[in-house]
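Please read the structure below before turning to the comments.
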Amino acid sequence: MTTGSTSIPVFHTISSFRRWREEARQAGLSVGYVATMGAFHEGHLSLVEHSLRDNDRTVVSIFVNPAQFAPHEDLESYPRTLPADLVKLSKTGVSTGDSVSKVTSAVFAPTVTEMYPNGIERSTDQQKGTFVEVKGYSHQMEGSSRPHFFRGVATVVTKLFNVIEPTRAYFGQKDIQQALLLRRMCADLLLSHPTPQNVHIIPTARAPSGLALSSRNSYLSDRELPFAVTLYEALVEGGKAWESGLSHDDVVDRAKELVERKQEQAEAAQVELRLDYVEVSDSETFEVVAGNDGKNPVILSGALWVGKTRLIDNIMLGDTSGTLC
């Protein structure tokens, strides 16, 4: 265990963290959990604040998971900023009834060897050992572009849940498919820490422009940044069409038309915009929703390349009370 530049204990091994967790269990304390890959922004810190308000103790994990990166993706360049992340955590707190600020109780920052003691290959064809796959829910939406992504996510989060044993876990809406898939995984695997009801999905944190906060936003150049909000603007345009009763195809077309208009402006600024996808999906099955009954909640999601940076976003339409909580 280390404390770095703050008073928050940082655990690098499973055995040391489990001793801390056992002390919390013996004391009858609830433990909230926020899983991250680091490079904190206000979206991460919002999740931490939710956990601080709901639980006696809060744990944040920081682990860049190689199993969710395909061989051609940005594992090596993904930002790793542990010292700065710890400072941000130490400054993020909520006031308790006696005016004392409650902050993160512990950070779990394991090595790759600790999480994958038998090693981990980037190519799934070469991987050996036990992996978790949520069949039937991993190939749609993001899974259509990143076919092995959710296998890596489900595997590492199962491992992390086994280590942390959280009373409650908190995920952001920006990664809505991931969050809903993990909630389903908890139900299918009969997990008690957390139960599916205690997997909380918190609305996306956004910049004043509407851009969803993301660690990958740091890849954007000054020239690219003004165009990064294009995806959100397209989803909002499509959302208006959905709420007015238009069909799936009309909704997608409206969103694509906005991107096309922005592509012309971006080209003049020597910025490349390339739409990966826009889709309307059922919030339970992730399958494409063709009709529009205006009742059942749906996810309008998409991915957009801004230069060499791939950004994702989504908005939920309809009654979200059973999804976001």
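- Closest of all the heavy-atom pairs between A154 and V134 is CB-CG2, 4.3 Å.
- Between F108 and F17, the distance separating the two ring centers is shorter than 6.0 angstrom.
- Side-chain contact check for D56 and S30: at least one donor-acceptor pair (N or O, by modelled atom type) lies under 3.5 Å.
- Of all heavy-atom pairs between S209 and V229, the closest is O-CG2, 3.3 Å.
- The shortest side-chain heavy-atom distance between L246 and N292 does not fall under the 4.5 Å cut-off.
- Between E272 and R223 there is no salt bridge, since no side-chain nitrogen of the basic residue lies less than 4.0 Å from a carboxylate oxygen of the acidic one.
- A distance-only check finds a donor-acceptor pair linking the side chain of E114 to the backbone of I14 [under 3.5 Å].
- No hydrogens or angles considered: a donor-acceptor pair under 3.5 Å links the side chains of H248 and E279.
- Here S283 contributes atom OG and N296 contributes atom CG; the two are 7.5 Å apart, rounded to the nearest 0.5 Å.
- Ion pair E142/R310 flagged as a salt bridge, since at least one NZ, NE, NH1 or NH2 atom sits closer than 4.0 Å to an Asp/Glu carboxylate oxygen.
- Inter-residue side-chain proximity for V103 and L89 is flagged as unmet; no heavy-atom pair is nearer than 4.5 Å.
- Distance alone, capped at 3.5 Å, places no donor-acceptor pair between the S144 side chain and the Q140 backbone.
- Under the 3.5 Å distance criterion, with hydrogens and angles disregarded, a donor-acceptor pair is assigned to the side chains of S16 and T13.
- T104 places no side-chain N or O within donor-acceptor distance of the main-chain N or O of V59, the cut-off being under 3.5 Å.
- No donor-acceptor pair under 3.5 Å is formed between the side chain of N118 and the backbone N or O of K128.
- Under the 3.5 Å distance criterion, the side-chain polar atoms of S244 are matched with a main-chain donor or acceptor of A241.
- The pair R25-E22 meets the salt-bridge criterion, since a charged nitrogen lies less than 4.0 angstrom from a carboxylate oxygen.
- E73 has no carboxylate O lying under 4.0 Å from a charged side-chain N of R122, or vice versa, which leaves the two without a salt bridge.
- In this structure, CG on L231 lies 9.0 Å from CD1 on I312, to the nearest 0.5 angstrom.
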| task | Test N55 against Y33 for side-chain hydrogen bond (donor to acceptor under 3.5 Å, both in side chains), laying out the working first. | result | CA-CA 9 Å; N55 301 279; Y33 173 47; over 6 Å; no

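- Between the side chain of N217 and the backbone N or O of A212, at least one donor-acceptor pair lies under 3.5 Å.
- When the shell of 6.0 Å around CD of E133 is examined, it contains more than 12 heavy atoms from other residues, nucleotides or ligands.
- Residue pairs meeting the ring pair (Phe, Tyr, Trp, His ring centres under 6.0 Å) criterion with at least one partner in residues 277-322, sequence neighbours excluded, do not occur; the list is empty.
- Contact record, L258 with T230: CD2-O, 3.9 Å, taken as the closest heavy-atom pair.
- Within the structure, salt bridge (Lys or Arg N to Asp or Glu O under 4.0 Å) contacts touching residues 174-184 (residues at least two apart or in different chains) are R184-E284.
- Closest non-hydrogen pair, P196 versus L191, comes out as CD-O, 4.3 Å.
- With a 6.0 Å cutoff to the six-membered ring centre and a 45° limit on the axis angle, K159 counts as a cation-pi contact of Y116.
- In this structure a side-chain-to-backbone donor-acceptor pair under 3.5 Å is missing from Q265 to K262.
- Residues V31 and T58 are not in side-chain contact: their nearest non-hydrogen atoms beyond the backbone lie 4.5 Å or more apart.
- In this structure, E224 contributes its side chain and L273 its backbone to no donor-acceptor pair below 3.5 Å.
- K88 places a side-chain N or O within 3.5 Å of a backbone atom of F40 that can act as its donor or acceptor partner.
- Panel note: side chain S95, backbone S101; no donor-acceptor pair is recorded below 3.5 Å.
- Aromatic ring pairs are classed by plane angle as parallel below 30°, tilted from 30° to 60° and perpendicular above 60°; the pair H200 and Y170 is parallel.
- Shown are L180, V280, D282; of these, the side-chain contact (heavy atoms from CB on, under 4.5 Å) with I299 is made only by L180.
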| request: Check the pair Q197 / R168 against side-chain hydrogen bond (donor to acceptor under 3.5 Å, both in side chains), numbers first and verdict last. | output: CA-CA 9 Å; Q197 295 81 5; R168 301 175 185 88; over 6 Å; no

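- Considering every non-hydrogen atom in both L47 and G172, the closest pair reads CD1-N, 3.9 Å.
- A salt bridge links R206 to D313: one of the charged nitrogens lies within less than 4.0 Å of a carboxylate oxygen.
- Scanning all heavy atoms of the two residues, the minimum distance from V306 to L311 falls at CG2-CD1, 3.9 Å.
- Neither side chain, D249 nor S247, offers a donor N or O lying under 3.5 Å from an acceptor on the other.
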